[in-house]
Amino acid sequence: MSDTRLPKAQELNLMHKLSTDDAYRSRFEKSPTDALKEIGVSDSDIAALDPANLKPGTLADKDKIAAAHKQLDADALGGHACMIFPLMRL
């Protein structure tokens with residue numbers, strides 16, 4: 001079992017497509033590897049993922065994936081926002 005993850009931008013793109021694009025969802029359910037390649041995930045990144053997560057199967061509802069996308073996006077924003085320090089000049 002691998003704990004390797006895709007880069008955050010690719011995770012967000014994948015979750016967006018899985019929550020909005022029915023044709024892409026269908027392709028992903030049939031062949032996750034091919035669907036990942038379709039959105040630009042490299043062969044080396046795919047090879048590093050857990051093979052058990054790349055088996056064909058049925059996806060969660062689009063609403064559940066959209067909620068997870070929103071949370072991941074908010075977490076990413078929070079991680080960056082804490083590093084920005086506003087400067088006020090009077």
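Note that the structure is a prediction, hence the values are computed from the model and not measured. Residues: numbered from 1 along the sequence shown.
The NZ atom of Lys70 sits 12.0 Å away from atom OG of Ser19, with the distance rounded to the nearest 0.5 Å. Residue Leu6 holds its CG atom at 8.0 Å from CD1 of Ile46, rounded to the nearest 0.5 Å. Rounding to the nearest 0.5 angstrom, the gap separating the CD1 atom in Ile39 from the CG atom in Asp21 is 10.5 Å.
Leu49 places none of its side-chain heavy atoms less than 4.5 Å from the side chain of Asn53. When side chains are defined from C-beta on, Lys17 does not count as touching Phe28, because their heavy atoms never get closer than 4.5 Å. With contacts defined as side-chain heavy-atom distances shorter than 4.5 Å, the pair Asp45/Leu36 does not qualify. Under the 4.5 Å side-chain criterion, counting only non-hydrogen atoms from C-beta, Arg27 is not in contact with Asp34.
Across every non-hydrogen atom of Gln10 and Val41, the tightest pair is NE2-CA, 3.6 Å. Among all heavy-atom pairs drawn from His69 and Met15, the shortest one is N-CE, 3.2 Å.
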Quiz: residues 54-65 side-chain donor-acceptor pairs under 3.5 angstrom, not counting sequence neighbours:
{"unit_1": "Lys62", "atom_1": "NZ", "unit_2": "Asp22", "atom_2": "OD1", "d": "2.9"}

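Under the side chain to side chain contact (heavy atoms under 4.5 Å, CB included) rule, Lys8 has a single partner from Asn13, Leu72, Asp73, which is Leu72.
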